[in-house]
Amino acid sequence: QVELVESGGGSVHPGGSLNVSCGAPTWSYIRYSRNCLGWFRQAPGKEREWISFINGGGGVTDYVESVKGRFTVSRDNAKNTMYLEMNSLKSEDTATYYCAATGQYRPCTTRSSDYTYWGRGTQVTVSS
């Protein structure tokens, strides 16, 4: 189901930074707080890859090893928005970035199939 909206993608040089966000404009903030949110990305010719999640309250986060120390996920439930701060970007970070949400009260996982709601994606390009 397409109910989320990503924004903030763009082009950046290697070593640069970029912030992307994900909103659920039709959801109440109470509903928004009841699900795990995840970030995924997909590069051309590759399978969709989980990169991060954050639980409903924002206190539990995790990252794929390749982005640890460079990416930071956060959320502001009052604004129905999740954020991904990306620093020290590398060419291999180039991909379409998707946000996703589980059903309410569902736990965070790293599996795409466990997420019910998705955005259409935003392109992030890292090149010289």
Side-chain angles (χ1 to χ4, degrees):
Q1 299 182 49
V2 180
E3 295 193 13
L4 307 179
V5 181
E6 303 92 345
S7 62
S11 182
V12 65
H13 296 307
S17 298
L18 196 64
N19 298 327
V20 294
S21 62
C22 169
T26 66
W27 294 7
S28 71
Y29 77 91
I30 295 175
R31 179 183 179 184
Y32 196 75
S33 73
R34 291 173 175 171
N35 56 260
C36 178
L37 299 173
W39 284 104
F40 297 79
R41 66 186 181 187
Q42 187 166 23
K46 295 185 177 180
E47 295 184 350
R48 186 166 296 188
E49 175 191 29
W50 168 82
I51 56 172
S52 184
F53 62 58
I54 182 168
N55 76 328
V60 179
T61 61
D62 203 1
Y63 305 87
V64 68
E65 188 67 27
S66 62
V67 309
K68 285 183 177 178
R70 300 190 297 120
F71 291 10
T72 302
V73 65
S74 62
R75 65 191 293 169
D76 185 342
N77 291 335
K79 297 180 179 180
N80 285 17
T81 305
M82 172 178 62
Y83 307 92
L84 185 67
E85 179 184 357
M86 300 181 287
N87 300 308
S88 301
L89 284 162
K90 307 173 182 179
S91 60
E92 52 262 44
D93 295 318
T94 296
T96 300
Y97 283 68
Y98 299 89
C99 64
T102 65
Q104 56 184 339
Y105 307 117
R106 295 291 189 89
C108 291
T109 80
T110 64
R111 291 165 50 90
S112 296
S113 60
D114 290 332
Y115 290 79
T116 301
Y117 308 101
W118 292 83
R120 295 187 184 277
T122 186
Q123 180 66 37
V124 173
T125 301
V126 185
S127 63
S128 300

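Numbers for residues simply follow the sequence, beginning at 1. Bear in mind the structure is a predicted one, so any value in this text is a computation, not a measurement.
The side-chain heavy atoms of Pro107 and Cys36, taken from C-beta on, include no pair separated by under 4.5 Å. Contact check for Met86 versus Asp93: no side-chain heavy atoms found under the 4.5 Å cut-off. The shortest distance between side-chain heavy atoms of Thr116 and Gln104 does not fall below 4.5 Å. Residues Phe71 and Val20 are not in side-chain contact: their nearest non-hydrogen atoms beyond the backbone lie 4.5 Å or more apart. At a threshold of 4.5 Å between non-hydrogen side-chain atoms, the residues Met82 and Cys99 count as touching.
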Any chance you could lay out the side-chain contact (heavy atoms from CB on, under 4.5 Å) test for Lys79 and Tyr32, step after step, and finish with the verdict? CA-CA 9 Å; Lys79 297 180 179 180; Tyr32 196 75; over 6 Å; no

Give the C-alpha distance, both sets of side-chain angles, the deciding distance and a yes or no for side chain to side chain donor-acceptor pair (under 3.5 Å) between Thr102 and Asn35. CA-CA 6 Å; Thr102 65; Asn35 56 260; 5.2 Å; no

Evaluate Val73 against Phe53 for side-chain contact (heavy atoms from CB on, under 4.5 Å), listing each step before the verdict. CA-CA 7 Å; Val73 65; Phe53 62 58; over 6 Å; no

Working for side chain to side chain donor-acceptor pair (under 3.5 Å), residues Thr125 and Thr94: CA-CA 5 Å; Thr125 301; Thr94 296; 5.3 Å; no

Under the criterion side chain to side chain donor-acceptor pair (under 3.5 Å), I'd like the reasoning laid out for Ser33 against Asn77: C-alpha separation, chi angles, the key distance, then a yes or no. CA-CA 6 Å; Ser33 73; Asn77 291 335; 4.8 Å; no

Please lay out, stage by stage, how Arg111 and Ser113 fare under the test side chain to side chain donor-acceptor pair (under 3.5 Å). CA-CA 5 Å; Arg111 291 165 50 90; Ser113 60; 3.1 Å; yes

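Checking side-chain atoms of Trp50 against main-chain N and O of Ser52 turns up a donor-acceptor pair under 3.5 Å. Here the side chain of Gln42 pairs no donor or acceptor atom with the backbone of Ala95 at under 3.5 angstrom. For the pair Asn80 (side chain) and Ala24 (backbone), a donor-acceptor distance under 3.5 Å is present. With hydrogens and angles ignored, the 3.5 Å screen pairs a side-chain donor or acceptor of Thr122 with a backbone N or O of Gly9. Side-chain atoms of His13 come within 3.5 Å of backbone atoms of Ser127 as a donor-acceptor pair (strictly under, hydrogens ignored).
Closest approach of Glu6 to Trp39, counting heavy atoms only: CG-CZ3, 4.1 Å. What you find for Glu49 and Ser66 is that their closest heavy atoms are OE2-OG, 4.2 Å. Across all their heavy atoms, Leu4 and Ala101 have their closest contact at CD1-N, 3.8 Å.
By the 6.0 Å and 45° rule, Arg31 stacks over the aromatic ring of Tyr117. A cation-pi arrangement, defined by a distance under 6.0 Å to the six-membered ring centre and an angle within 45 degrees of its axis, is absent between Arg70 and Tyr63.
By the 6.0 Å contact criterion, CD on Glu47 is open, its count of non-hydrogen atoms from other residues, nucleotides or ligands being 12 or less. Atom CZ of Arg106 sits in a sparse spot, with 12 or fewer heavy atoms from other residues, nucleotides or ligands closer than 6.0 Å.
Considering OG1 of Thr61 and CG of Asn55, their distance stands at 8.5 Å, rounded to 0.5 Å. Rounding to the nearest 0.5 Å places CD of Glu92 at 8.0 Å from CZ of Arg41. In this structure, OG1 in Thr81 is found 10.0 Å from CZ in Arg75, a value given to the nearest 0.5 Å.
Residues satisfying the side-chain contact (heavy atoms from CB on, under 4.5 Å) criterion with Ala100, sequence neighbours excluded, are Phe40, Tyr115, Trp118. Partners of Glu65 according to the side-chain contact (heavy atoms from CB on, under 4.5 Å) rule, which considers only residues two or more places apart in sequence or in another chain, are Lys68.
Val64 and Tyr83 fall into different hydrophobic clusters, where Ile, Leu, Val, Met, Phe, Trp and Tyr residues are linked whenever their side-chain heavy atoms come under 4.5 Å apart, directly or through other members. Ile54 and Val5 fall into different hydrophobic clusters, where Ile, Leu, Val, Met, Phe, Trp and Tyr are joined by side-chain heavy atoms under 4.5 Å apart, directly or via other members.
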